[in-house]
Amino acid sequence: MKSSDILREVAENLKLTIERLQKVKVLGEKKKKRAINLLNEASENFLILSGEVEKDNIEMAEFLRKKSVEIKNNTSDRAIERIGEKEYLKSIEKMNLYSKTAFYDFKPTKLKELKRAYRAFIYGMALYFVLAGLSTRPELAITALILAIPAILSMLSLQRRGYTGLMLAYAVSPIPIIQSAMLVRMFYSVVTNPEMIKKAAEVLGKSESFIVAYSWGVILLSFIDFALLTYGIYSLTKHRHAFL
């Protein structure tokens with residue numbers, strides 16, 4: 001595939017950049033060492049990816065080649081002084097990040113794994129909102145309303161592989177995970193206590209068999225919700241390098 005050849009060229013450009021960077025004097029030794037480490041890692045990533053390409057994404061490969069050439073050409077004392085030390089180092093950090101996200105652009109199997117994690121998170125959040133309505137606890141419903149907007153924004157951003165979406169997912173998921181565990185404990189205490197079943201039936205005006213069935217239904221859904229969200233967040237973390 002043509003993409004493989006271009007990615008190997010990208011890796012080689014970054015190796016040449018390291019050689020040039022070692023001769024640069026305007027950067028402090030600490031910053032230079034960090035930049036070299038980032039470039040080394042990026043070069044190795046692109047070299048590995050070049051041998052694992054599943055999709056010939058020439059447009060993305062050309063973009064990466066262009067960026068690698070820019071960094072190589074900017075690696076001199078004069079060029080770094082011209083563009084600024086901060087911008088130069090930032091371009092290297094971005095290139096390192098591209099070397100990790102690129103696996104999802106050239107390997108559809110990796111993208112499928114990411115989509116599976118994304119769907120687990122979405123289904124888990126959707127089920128959480130359903131459970132908030134089934135819980136009979138108004139405070140849970142209020143919490144769900146508060147989390148609704150950041151949860152929706154998270155889902156939209158994750159779909160576009162946005163890093164902000166990942167951070168929002170981390171922010172909104174703990175409460176649903178904790179509350180699903182609380183619902184299991186709360187409704188299990190009902191189904192294992194005849195007195196509570198009887199009392200709940202009287203308060204709600206339903207039969208005791210309905211209360212038992214309803215409680216077991218919430219328990220089951222809460223277990224599923226806990227599993228989906230836990231798996232979703234774990235998998236999104238595992239694939240965190242996919243997000244820009």
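In this text, all values refer to a predicted model and were calculated from it rather than measured experimentally.
Of the candidates Leu183, Ile177, Leu131, Leu131 is the only one forming a side-chain contact (heavy atoms from CB on, under 4.5 Å) with Asp225. Paired with Phe106 under the rule side-chain contact (heavy atoms from CB on, under 4.5 Å), one option of Val53, Asp56, Leu111 passes, and it is Val53.
Here the side chains of Arg161 and Leu114 are in contact, with some heavy-atom distance below 4.5 Å. No side-chain heavy atom of Ile80 sits under 4.5 Å from any side-chain heavy atom of Ser76. Contact annotation: the side chain of Thr75 approaches that of Tyr88 to within less than 4.5 Å [non-hydrogen atoms, C-beta and beyond]. Between Lys55 and Lys107 the shortest side-chain heavy-atom distance does not fall below 4.5 Å. Between Lys67 and Val10 there is no side-chain heavy-atom pair separated by less than 4.5 Å. Contact annotation: the side chain of Arg240 never approaches that of Leu236 to less than 4.5 Å [non-hydrogen atoms, C-beta and beyond]. Counting heavy atoms from C-beta outward, Pro176 and Met125 have side chains that approach closer than 4.5 Å. The side-chain heavy atoms of Gln22 and Ile18, taken from C-beta on, include a pair separated by under 4.5 Å.
Atom CD of Glu195 is surrounded by 12 or fewer heavy atoms from other residues, nucleotides or ligands within 6.0 Å. The environment of Phe223 atom CZ is sparse: at most 12 non-hydrogen atoms of other residues, nucleotides or ligands sit within 6.0 angstrom. When the shell of 6.0 Å around OH of Tyr188 is examined, it contains 12 or fewer heavy atoms from other residues, nucleotides or ligands. Taking a 6.0 Å sphere around NZ of Lys31, one finds it holds 12 or fewer heavy atoms contributed by other residues, nucleotides or ligands. For Ile58, the CD1 atom counts as densely surrounded, since its 6.0 Å shell holds more than 12 non-hydrogen atoms of other residues, nucleotides or ligands. The number of heavy-atom neighbours closer than 6.0 Å to CZ of Arg20, taken from other residues, nucleotides and ligands shown, is above 12. Atom NZ of Lys94 is surrounded by 12 or fewer heavy atoms from other residues, nucleotides or ligands within 6.0 Å.
The hydrophobic cluster containing Leu7 also contains Phe103, counting ILVMFWY residues as joined when their side-chain heavy atoms lie under 4.5 angstrom apart, directly or transitively. Connection of Ile71 to Leu16 is not established within any shared hydrophobic cluster, with ILVMFWY side chains joined at heavy-atom distances below 4.5 Å, either directly or through further cluster members. Grouping the Ile, Leu, Val, Met, Phe, Trp and Tyr side chains by contacts below 4.5 angstrom, directly or via other members, places Ile142 apart from Met182. Cluster annotation: Leu244 is connected to Ile92 through the hydrophobic network of ILVMFWY side chains, with a link wherever side-chain heavy atoms come within less than 4.5 Å. Residues Val172 and Leu145 do not share a hydrophobic cluster, clusters being chains of Ile/Leu/Val/Met/Phe/Trp/Tyr side chains in contact below 4.5 Å.
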Let me check something: any side-chain donor-acceptor pairs from residues 37-44 under 3.5 Å, sequence neighbours excluded? List them with distances.
residue : atom : partner : partner atom : Å
Asn37   : ND2  : Lys33   : O            : 3.3
Asn40   : OD1  : Lys15   : NZ           : 2.9
Glu41   : OE1  : Asn96   : ND2          : 3.0
Ser43   : OG   : Ala11   : O            : 2.9

Quick one: side chains of residues 213-222, donor-acceptor pairs under 3.5 Å with protein atoms, not counting sequence neighbours, listed by atom name and distance.
residue : atom : partner : partner atom : Å
Tyr214  : OH   : Leu134  : O            : 2.6
Ser215  : OG   : Ile211  : O            : 2.8
Ser222  : OG   : Val218  : O            : 2.7

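Listed by chain and number, the residues in a salt bridge (Lys or Arg N to Asp or Glu O under 4.0 Å) with Lys72 amount to none (sequence neighbours excluded). The salt bridge (Lys or Arg N to Asp or Glu O under 4.0 Å) search around Glu54 returns none, not counting sequence neighbours. Remark: Tyr231 pairs with no residue by the ring-ring contact (aromatic ring centres under 6.0 Å, His included) rule, at least two apart or across chains. In terms of the ring-ring contact (aromatic ring centres under 6.0 Å, His included) criterion, residue partners of Tyr104 (sequence neighbours excluded) are, by chain and number, His239.
With no hydrogens or angles considered, no side-chain donor-acceptor pair links Tyr163 and Ser157 at under 3.5 Å. Under the 3.5 Å distance criterion, with hydrogens and angles disregarded, no donor-acceptor pair is assigned to the side chains of Ser235 and Tyr118. Side chains of Ser3 and Asn57: a donor-acceptor N/O pair is absent below 3.5 angstrom, by distance only.
The two atoms that bring Leu158 and Ala169 nearest to each other are CD1-CB, 4.2 Å, heavy atoms only. Across Thr143 and Gln179, no two heavy atoms sit closer than the pair CG2-NE2, 3.7 Å. Smallest separation of non-hydrogen atoms from Ala151 and Phe129: CB-CZ, 4.1 Å. Nearest heavy-atom pair across Arg82 and Asn74 is NH2-OD1, 3.5 Å. Residues Val191 and Val212 come closest through the heavy atom pair CG1-O, 4.0 Å. The heavy-atom pair separating Ala171 from Pro174 by the smallest distance is O-CD, 3.5 Å.
The backbone N or O of Ala132 sits less than 3.5 Å from a side-chain atom of Ser135, completing a donor-acceptor pair. Side-chain atoms of Ser154 never come within 3.5 Å of backbone atoms of Pro150 as a donor-acceptor pair (strictly under, hydrogens ignored). Using modelled atom types, one side-chain atom of Asp77 and one backbone atom of Val26 make a donor-acceptor pair closer than 3.5 Å. Listed for the Asn193 side chain is no donor-acceptor partner under 3.5 Å among the backbone atoms of Ser189.
Between Tyr98 and Phe46, the ring center distance fails the sub-6.0 Å criterion.
Salt bridge Asp105/Lys110: absent, no basic N to carboxylate O contact under 4.0 Å. In summary, Lys2 and Asp5 do not engage in a salt bridge, as defined by a charged side-chain N under 4.0 Å from a carboxylate O. Here Glu208 does not pair with Lys198 in a salt bridge; the nearest charged N to carboxylate O distance is not below 4.0 Å. Using a 4.0 Å cut-off between charged nitrogen and carboxylate oxygen, Glu113 and Arg116 do not count as a salt-bridge pair.
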Query - Derivation of the side-chain contact (heavy atoms from CB on, under 4.5 Å) call for Ile175 and Tyr128 - result: CA-CA 10 Å; Ile175 291 178; Tyr128 161 69; 4.2 Å; yes
Requested in this report: Start with the C-alpha gap between Thr164 and Leu153, add the side-chain angles, then the distance that decides, and say whether side-chain contact (heavy atoms from CB on, under 4.5 Å) holds.
Outcome: CA-CA 9 Å; Thr164 301; Leu153 291 175; over 6 Å; no
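With a 6.0 Å cutoff to the six-membered ring centre and a 45° limit on the axis angle, Lys66 does not count as a cation-pi contact of Phe63.
To the nearest 0.5 Å, atom CD1 of residue Ile6 and atom CZ of residue Arg65 are 4.5 Å apart.
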